[in-house]
Amino acid sequence: MIKTILLKNRPEGKPTTSNFELVKEDIELTISEGELLLETAYVSVDPYLRGRMSDAKSYIPSFELNKPIQSGVIAKVIASKNENFETGDFVLGMLPWKTKQVATGEGLMKIDGSKAPLSAYLGILGMTGLTAYLGLNQIGKPVAGETLVVSGAAGAVGSVVGQIGKILGLTVIGIAGTDEKIDLLKTKFGFDAGINYNTSKDIRADIAKAAPNGVDIYFDNVGGPISDAVLFNINRFARMIICGAISVYNAKELPKSISVQPFLIKNSALMQGFIVSNYEDKFTEAMNQLSGWLDEGKLTYTETIVEGFDNIPTAFINLFEGKNKGKMIVKI
Ligand SMILES: NC(=O)c1ccc[n+]([C@@H]2O[C@H](COP(=O)([O-])OP(=O)(O)OC[C@H]3O[C@@H](n4cnc5c(N)ncnc54)[C@H](OP(=O)(O)O)[C@@H]3O)[C@@H](O)[C@H]2O)c1
C-alpha cells in the first residue's frame, strides 16, 4: 500500500491536521527505462512550507490543493532502470510526501550514509546547515571579537549559526523559548549566554545585559517583537541577517512592527533578507567547510526525530509550538 499526504485546504492562521489529507492506494508501482523506484526513509519538515501552503505570491510557487506536499526527502532506491543509480543507494531530493514513488533521477543527489548519518543531510549537511553558514558569512561578514545575537537559536538553523559564530571568535547570545533550550545552547552548542523570550520580563534589557558591548550581528530567524528588541541594542555598522520570520508566518493580519529606518540610519546599519538558493554557487565550498568542522568535532547537532509517515503534518505543526530542538525530521 502506498500512502500520500495532500494539501486539503489552505491554513488560516496556525496550520491544523485538518489542512492535510492522508490517501492510501493499493497499487503496484512499476518502472520504465531511465526510472527508479524509491522508498521514503526521512522527510524534512520546515517552517518555509507554511508559506507554500498559502496562495500568496512568493519566491517559490504555492502548493496546489489536493496535490501532494513536497519537501526535502531522503529515499532508498529499491529498483532502478537508470544507469546513474543502483538498488540500495540513498538519494536526497525535493520529493512529494509519499511512502513510495517512481522518479526519473532528475534533481536527485546520491548521499553517503557511511560519512554521516543519513538524516544529517536534511540538517547540518543540508539546507539548514547551508543557510546558517552562508547567511552568517555572506551577509554578517563576521569579525572575531564581535557580538552575535541569534533568534530561534535552538532550532536547526540557529544552533548551527551560534556554533559557527564561536568557531569564528564571536561572543554569541541565543534567544529561544524554553529554559531547557537555553541550557542546551550553553552546554552543547557553546553559546556564551541565552535568553528565554517566554520568561523574560524585558527582552530589550536582557539583550543589553548579555551584550554589554552592543550587537554587531543579528541572525534573525523569528521576526516580530524579539527582533524589535534587538534593534534597540545594535552597534554602528551592525549587520542584520533576515533569514526567517516564523513569529509572523501564521499572522492573519499585517503585523504591527516598529519603524526600522531610524535605527538603520542612526547606526549606518544593514538589514538584508536572503534565500539560501541565492548562494547556490557557494554550496560546495560551504558543504566542505561544514563537513570538515563536523569531522574535526568543532560542530555538533541535535535532531528531533518523529516516527511514522502519518505523523508528518503533526511534526510540521509542532515547529510553530517550539516542540523541536535542532532539526525536526520524520523517520518513515
Ligand atoms: N532564508 C532561507 O533561505 C531559510 C532557510 C531555512 C530556514 N529559514 C527560516 O529560518 C527560520 C528557522 O528555520 P529552522 O528550519 O531552523 O526551524 P527551527 O528553528 O528548527 O524550528 C522553528 C522554531 O521556531 C521557534 N518559534 C516558533 N514560533 C515562534 C514564535 N512565535 N516566536 C519565536 N520563535 C518561534 C520555535 O523555537 P522556540 O522554542 O525557541 O520558540 C521552533 O522550534 C525559519 O523562520 C525558517 O523559515 C530560512
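Order of appearance sets the numbers: ligands from 1, and atoms from 1 within every ligand. Counting from 1, the numbers follow the sequence of the chain as shown.
Contact between S151 and ligand 1 is absent, with no heavy atom of the residue lying under 4.0 Å from the ligand. Remark: distances from the non-hydrogen atoms of M328 to ligand 1 are all 4.0 Å or more. Close to ligand 1: I275, with a non-hydrogen atom less than 4.0 angstrom away.
T16 contributes a side-chain N or O that, together with a main-chain N or O of S18, makes up a donor-acceptor pair within less than 3.5 Å. No donor-acceptor pair under 3.5 Å is formed between the side chain of D183 and the backbone N or O of D179.
Counting protein heavy atoms only, atom 19 (O) of ligand 1 is closest to G155 CA, 3.3 Å. For atom 25 (C) of ligand 1, the nearest non-hydrogen atom of the protein is I246 CG2, 4.1 Å. Distance from atom 17 (O) of ligand 1 to its nearest protein heavy atom, with residue and atom name: P47 CG, 3.5 Å. Given atom 39 (O) of ligand 1, the protein heavy atom at minimum distance is K181 NZ, 2.6 Å. From the protein, the heavy atom lying nearest to atom 27 (C) of ligand 1 is L319 O, 3.5 Å. Atom 6 (C) of ligand 1 has its closest protein heavy atom at M127 SD, 3.5 Å. Among protein heavy atoms, the minimum distance from atom 45 (O) of ligand 1 is reached at N221 O, 2.9 Å. Closest to atom 36 (C) of ligand 1, if we only count protein heavy atoms, is G322 CA, 3.5 Å.
A donor atom on one side chain and an acceptor atom on the other are found under 3.5 Å apart for S151 and Y218. Under the 3.5 Å distance criterion, with hydrogens and angles disregarded, no donor-acceptor pair is assigned to the side chains of S62 and D55. Side-chain atoms of S119 and E303 include a donor-acceptor pair closer than 3.5 Å.
Considering both main-chain and side-chain atoms, V276 comes within under 3.5 Å of ligand 1 through a nitrogen or oxygen pair. Looking at ligand 1, you won't find any N or O of K323 less than 3.5 Å from one of its N or O atoms. In terms of polar-atom proximity, defined here as any N/O pair under 3.5 Å, N324 does make such a contact with ligand 1. At least one N/O-N/O distance between C243 and ligand 1 falls below 3.5 Å. At least one N or O atom of Y197, backbone or side chain, sits closer than 3.5 Å to an N or O atom of ligand 1. Residue G244 places no N or O, backbone or side chain, under 3.5 Å from any N or O of ligand 1.
Set against the non-hydrogen atoms of Y249, the atoms of ligand 1 under 4.0 Å away are 45 (O), 46 (C), 47 (O). Using a 4.0 Å cut-off to heavy atoms of T128, the atoms of ligand 1 that qualify are 15 (O). Atoms of ligand 1 found under 4.0 Å from any heavy atom of A176 (numbered from 1 in listed order, with element): 40 (O). The contact set between ligand 1 and A156, taken as ligand atoms under 4.0 Å from a residue heavy atom, comprises 16 (O), 18 (P), 19 (O), 20 (O). The atoms of ligand 1 that sit less than 4.0 Å from any heavy atom of A245 are 45 (O). Short contacts between ligand 1 and G326, defined as distances under 4.0 Å to a heavy atom of the residue, involve ligand atoms 20 (O). Listed by number with element, the atoms of ligand 1 under 4.0 angstrom from any heavy atom of F274 are 1 (N), 2 (C). Using a 4.0 Å cut-off to heavy atoms of G177, the atoms of ligand 1 that qualify are 38 (P), 39 (O), 40 (O).
With hydrophobic clusters built from ILVMFWY side chains whose heavy atoms lie under 4.5 angstrom apart, V161 shares a cluster with L125.
Geometric assessment of R50 against the ring of Y249 yields a negative cation-pi assignment under the 6.0 Å and 45° thresholds.
The residues D46 and K327 are annotated as salt-bridged, a charged nitrogen and a carboxylate oxygen being separated by less than 4.0 angstrom. Taking the charged nitrogens against the carboxylate oxygens, D192 and K186 have no contact shorter than 4.0 Å, which rules out a salt bridge. Between D89 and K76, no side-chain nitrogen of the basic residue sits less than 4.0 Å from a carboxylate oxygen of the acidic one, so the salt-bridge criterion is not met. Between E180 and K325 there is a salt bridge, since at least one side-chain N of the basic residue sits less than 4.0 Å from a carboxylate O of the acidic one. Ion pairing between a basic and an acidic side chain is recognised when a charged N comes within 4.0 Å of a carboxylate O; E146 and R239 show such pairing.
Here the side chains of S159 and Y301 are not in contact, with every heavy-atom distance at 4.5 Å or above.
Atom NZ in K115 sits 6.5 Å away from atom OH in Y121 (nearest 0.5 Å).
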- Task: Go through the steps to decide whether L134 and N137 satisfy the test side-chain contact (heavy atoms from CB on, under 4.5 Å), and finish with yes or no.
- Result: CA-CA 5 Å; L134 291 165; N137 283 301; 6.0 Å; no
